[in-house]
Amino acid sequence: MFRYPWEDARRALEAITPAADGSRRLRYTNPTTGGPVMSTIDCYLVALSPARDTARYRVNSNSVCVVIEGEGVTRIGDNKTEWCKHDIFTLPQGNWISHKAKSGNTKLFEVSDREIVRKLGFLREEIAG
């Protein structure tokens, strides 16, 4: 049940209509329930457009990102984190966050405690407008 072949995920991600900032976000789901992959953990595959900042957002859940392809920079509050393929970095809750790819085909795998925060009724999100 936890097998999600890379080629299938990549094709599904490419089929998603890009957000206004050019990014694409694919949520991995449990095929038997349609819900999160695990009952308390959410997983996403994120594609970034080259040389474009994503919309700034903040959320009260935490995430860990693994760089699958490409390189870029993530702004977390007042700090910048530069990353490249195979790097791992965190997105601590409560900070304004944005990503920017420095190369084409940039993809991040994100694991988040978002689902447990949502189930507890505490999930809060903001997108800078």
Side-chain angles (χ1 to χ4, degrees):
M1 182 162 70
F2 292 109
R3 184 173 184 278
Y4 300 86
W6 171 246
E7 284 305 314
D8 293 347
R10 186 187 57 73
R11 277 193 298 274
L13 183 66
E14 289 173 0
I16 294 172
T17 302
D21 61 13
S23 66
R24 294 181 167 129
R25 185 175 183 89
L26 172 72
R27 183 182 189 217
Y28 286 81
T29 58
N30 178 324
T32 61
T33 66
V37 170
M38 292 172 264
S39 63
T40 58
I41 300 293
D42 253 333
C43 297
Y44 300 90
L45 184 58
V46 181
L48 304 175
S49 288
R52 289 182 69 184
D53 287 312
T54 62
R56 286 184 337 122
Y57 70 94
R58 70 177 168 184
V59 62
N60 65 339
S61 61
N62 300 287
S63 294
V64 175
C65 293
V66 179
V67 183
I68 304 299
E69 295 178 350
E71 59 184 19
V73 63
T74 294
R75 187 171 291 282
I76 303 166
D78 293 331
N79 300 309
K80 283 177 32 175
T81 299
E82 295 199 29
W83 40 261
C84 61
K85 187 175 181 177
H86 302 302
D87 282 349
I88 299 170
F89 60 95
T90 62
L91 304 174
Q93 62 91 23
N95 291 280
W96 286 103
I97 296 168
S98 66
H99 306 287
K100 184 175 186 176
K102 291 183 178 178
S103 62
N105 296 323
T106 300
K107 292 178 184 64
L108 305 174
F109 181 74
E110 182 180 344
V111 179
S112 173
D113 63 1
R114 172 188 180 88
E115 184 60 18
I116 194 163
V117 176
R118 186 193 69 75
K119 283 183 175 182
L120 291 170
F122 297 126
L123 185 65
R124 302 290 178 266
E125 305 179 83
E126 292 179 78
I127 297 177

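Closest non-hydrogen pair, Ile16 versus Arg25, comes out as CD1-O, 3.5 Å. The heavy-atom pair separating Gly34 from Thr29 by the smallest distance is O-CG2, 3.7 Å. Closest approach of Thr74 and Ile97 over heavy atoms only: CG2-CG2, 4.1 Å. Considering all non-hydrogen atoms of both residues, Glu110 and Ser63 come closest at OE2-OG, 2.7 Å. The nearest pair of heavy atoms linking Arg24 to Pro18 is NH2-CG, 3.2 Å. For Pro36 against Asn30, the heavy-atom pair with the smallest separation is O-CB, 3.3 Å.
Note on Glu115 versus Arg118: salt bridge recorded, some NZ/NE/NH1/NH2 to OD/OE distance being below 4.0 Å. Between Glu71 and Lys102 there is no salt bridge, since no side-chain N of the basic residue sits under 4.0 Å from a carboxylate O of the acidic one.
In this structure, Arg58 CZ and Ile127 CD1 are separated by 12.5 Å, a value rounded to the nearest 0.5 Å. In this structure, the separation between OG1 on Thr106 and CH2 on Trp83 is 5.5 Å, given to the nearest 0.5 Å. Residue Cys43 holds its SG atom at 4.5 Å from CE of Met38, rounded to the nearest 0.5 Å. In this structure, CD on Glu69 lies 6.5 Å from NZ on Lys85, to the nearest 0.5 angstrom. The CZ atom of Arg56 sits 10.0 Å away from the CD atom of Glu126 when rounded to the nearest 0.5 Å. Separation of atoms OG (Ser98) and NZ (Lys80) is listed at 10.0 Å; rounding is to 0.5 Å.
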I'd like to know whether Arg10 forms a side-chain contact (heavy atoms from CB on, under 4.5 Å) with Lys107, so could you lay out the CA-CA distance, the side-chain angles of the two residues, the decisive distance to 0.1 Å, and finally the verdict.
CA-CA 9 Å; Arg10 186 187 57 73; Lys107 292 178 184 64; 4.3 Å; yes

Pair Arg11, Glu14 - check salt bridge (Lys or Arg N to Asp or Glu O under 4.0 Å), show working.
CA-CA 5 Å; Arg11 277 193 298 274; Glu14 289 173 0; over 6 Å; no

Run the numbers on Phe89 and Val67 for side-chain contact (heavy atoms from CB on, under 4.5 Å), then give the verdict.
CA-CA 9 Å; Phe89 60 95; Val67 183; 3.9 Å; yes

Could you check Thr90 against Asn62 for side-chain contact (heavy atoms from CB on, under 4.5 Å), going step by step and ending with a plain yes or no?
CA-CA 8 Å; Thr90 62; Asn62 300 287; over 6 Å; no

Verdict with supporting geometry, Asp113 and Val117, side-chain contact (heavy atoms from CB on, under 4.5 Å):
CA-CA 7 Å; Asp113 63 1; Val117 176; 4.2 Å; yes

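Classification of the Tyr28-Phe109 ring pair by plane angle, with boundaries at 30° and 60°, yields perpendicular.
Within the 4.5 Å cutoff, side-chain heavy atoms of Glu125 are placed close to those of Arg114.
Looking at Asn95, its side chain never comes within 3.5 Å of a backbone N or O of Ile76 through a donor-acceptor pair. A donor-acceptor contact shorter than 3.5 Å is absent between the side chain of Asn60 and the backbone of Gln93.
Hydrophobic clustering (ILVMFWY, side-chain heavy atoms < 4.5 Å, transitive): Leu123 and Trp96 are in distinct clusters. Residue Leu91 is grouped with residue Phe122 when hydrophobic side chains (ILVMFWY) are merged at heavy-atom distances under 4.5 angstrom, including chains of intermediate members. A continuous path of hydrophobic side-chain contacts links Tyr4 to Val64 [ILVMFWY only; heavy atoms under 4.5 Å]. No single ILVMFWY cluster, assembled from side-chain heavy atoms under 4.5 Å apart, contains both Val73 and Val46.
Within a 6.0 Å sphere centred on CG of Asp8, heavy atoms belonging to other residues, nucleotides or ligands number more than 12. Within a 6.0 Å radius of CG in Asn105, other residues, nucleotides and ligands contribute 12 heavy atoms or fewer. Other residues, nucleotides and ligands contribute over 12 non-hydrogen atoms within 6.0 Å of the NZ atom of Lys119.
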